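Data first, discussion second: the structure below is written as structure tokens.
Please read these numbers as outputs of a predicted model, since none were measured by experiment.
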Amino acid sequence: MTDSGAKAEVWPLIHAERAALANDLAELTEERWETASLCAGLTVREVLAHLTSGASLTPLRWMAGVIRCRWDFDKQVAMRLAEQLGDDGAETLERFRRVVTSTTKPPLPKMAVLGETIVHGEDIRRPLGIRRDHPITVLTALAGYYRGSDMVVTAKGRIGGLRLQATDGPFAAGSGPLVSGTTLALIMAMTGRTAYLAELDGDGVPILRERVPAQT
């Protein structure tokens, strides 16, 4: 997924991930919608609303929000999340379903949108005890993207000086003390999720742990 032709195929991957997440959440009770996500301070319902927001923002609307929030990007995210938060879980999920096939996005690369969809999907699934077997080709491509990017979330900087090796696929990157695990666990650790550190092995794990902020 590095050449222009392959990049055109990213949207179907995003749409498939959104559809899978919507299906996984279809039977949630209202109580479970209030489960704390892996995103500090946000429930799974709020993270889903954040994903809906990202699929609803054109670059122009995104910039208008940034200006309105006086370049406070966290405030902009919170404002747009609130716009998409339904009165209950069912309404929030219905709003997300409406954007499953959207190709609207803020001024971000499509791979960043795919990353947001997969990572935030796991932020939601893991606390709920839901498992998704993501296609390994998709995870491998995403891990490769995060290896070289600090856009939206610090990843490249977090793994500097470490050697990453997937145990379930071909992804490998870097040099230095080893960090090994499933491709998904590596992605989630790269993007700052402490919950996945216990699934990793190698001399580099303590170093990575120091770089992943503790969740409060």
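Within a 6.0 Å radius of CD in Glu31, other residues, nucleotides and ligands contribute 12 heavy atoms or fewer. By the 6.0 Å contact criterion, CG on Asp203 is open, its count of non-hydrogen atoms from other residues, nucleotides or ligands being 12 or less.
Residues Gln165 and Thr167 have side chains not in contact (no heavy-atom distance under 4.5 Å, counting atoms from C-beta outward). Side-chain contact between Arg147 and Ile187: absent, with no pair of heavy atoms (C-beta onward) separated by less than 4.5 Å. Within the 4.5 Å cutoff, the side chain of Leu21 has heavy atoms near those of the Leu51 side chain. In this structure the side chain of Leu38 reaches within 4.5 angstrom of the side chain of Pro127, judged on heavy atoms. In this structure, the side chains of Val179 and Ile159 stay at 4.5 Å or more apart for every pair of heavy atoms. A 4.5 Å side-chain heavy-atom check between Arg32 and Leu128 finds at least one atom pair inside the cut-off. Using a 4.5 Å cut-off on side-chain heavy atoms (C-beta onward), Asp88 and Trp33 make no contact. The side-chain heavy atoms of Ser180 and Arg163, taken from C-beta on, include no pair separated by under 4.5 Å.
No donor-acceptor distance shorter than 3.5 angstrom exists from the side chain of His134 to the backbone of Leu139, with no hydrogens or angles considered. A donor-acceptor contact shorter than 3.5 Å is absent between the side chain of Thr104 and the backbone of Leu57. Using a distance-only test at 3.5 Å, with no hydrogens or angles considered, no donor-acceptor pair links the side chain of Asp123 to the main chain of Cys39. A donor-acceptor pair under 3.5 Å is absent between the side-chain atoms of Ser53 and the main chain of Ala49, judged by distance alone. Between the side chain of Arg211 and the backbone N or O of Gly160 there is at least one donor-acceptor pair closer than 3.5 Å. A donor-acceptor pair under 3.5 Å is formed between the side chain of Arg18 and the backbone N or O of Ser102. Without hydrogens or angle criteria, Glu91 side chain to Asp87 main chain gives a donor-acceptor distance under 3.5 Å. Using a distance-only test at 3.5 Å, with no hydrogens or angles considered, a donor-acceptor pair links the side chain of Ser56 to the main chain of Thr52.
Annotation: cation-pi pair Arg126/Tyr196 present, NZ/CZ under 6.0 Å from the ring centroid and within 45° of its normal.
Of the charged side-chain nitrogens involved, none lies within less than 4.0 Å of a carboxylate oxygen, so that Asp24 and Arg132 do not count as a salt-bridged pair.
Within the model, atoms CD of Glu9 and CD1 of Ile14 stand 11.5 Å from one another, a figure rounded to the nearest 0.5 Å.
Pro135 approaches Glu17 most closely through the heavy-atom pair CD-OE2, 4.0 Å. Of all the heavy atoms in Ala141 and Met111, the pair that sits closest is O-CE, 3.7 Å. Nearest heavy-atom pair across Ala189 and Arg158 is O-CD, 3.6 Å.
Each of Val44, Leu48, Thr92 was evaluated against Leu25; a single residue qualifies, Leu48, per the side-chain contact (heavy atoms from CB on, under 4.5 Å) test.
With sequence neighbours excluded, the residues that form a ring pair (Phe, Tyr, Trp, His ring centres under 6.0 Å) with His50 are His120.
Follow the hydrophobic side-chain contacts under 4.5 Å out from Leu178 and you never reach Ile207; the two are in separate clusters.
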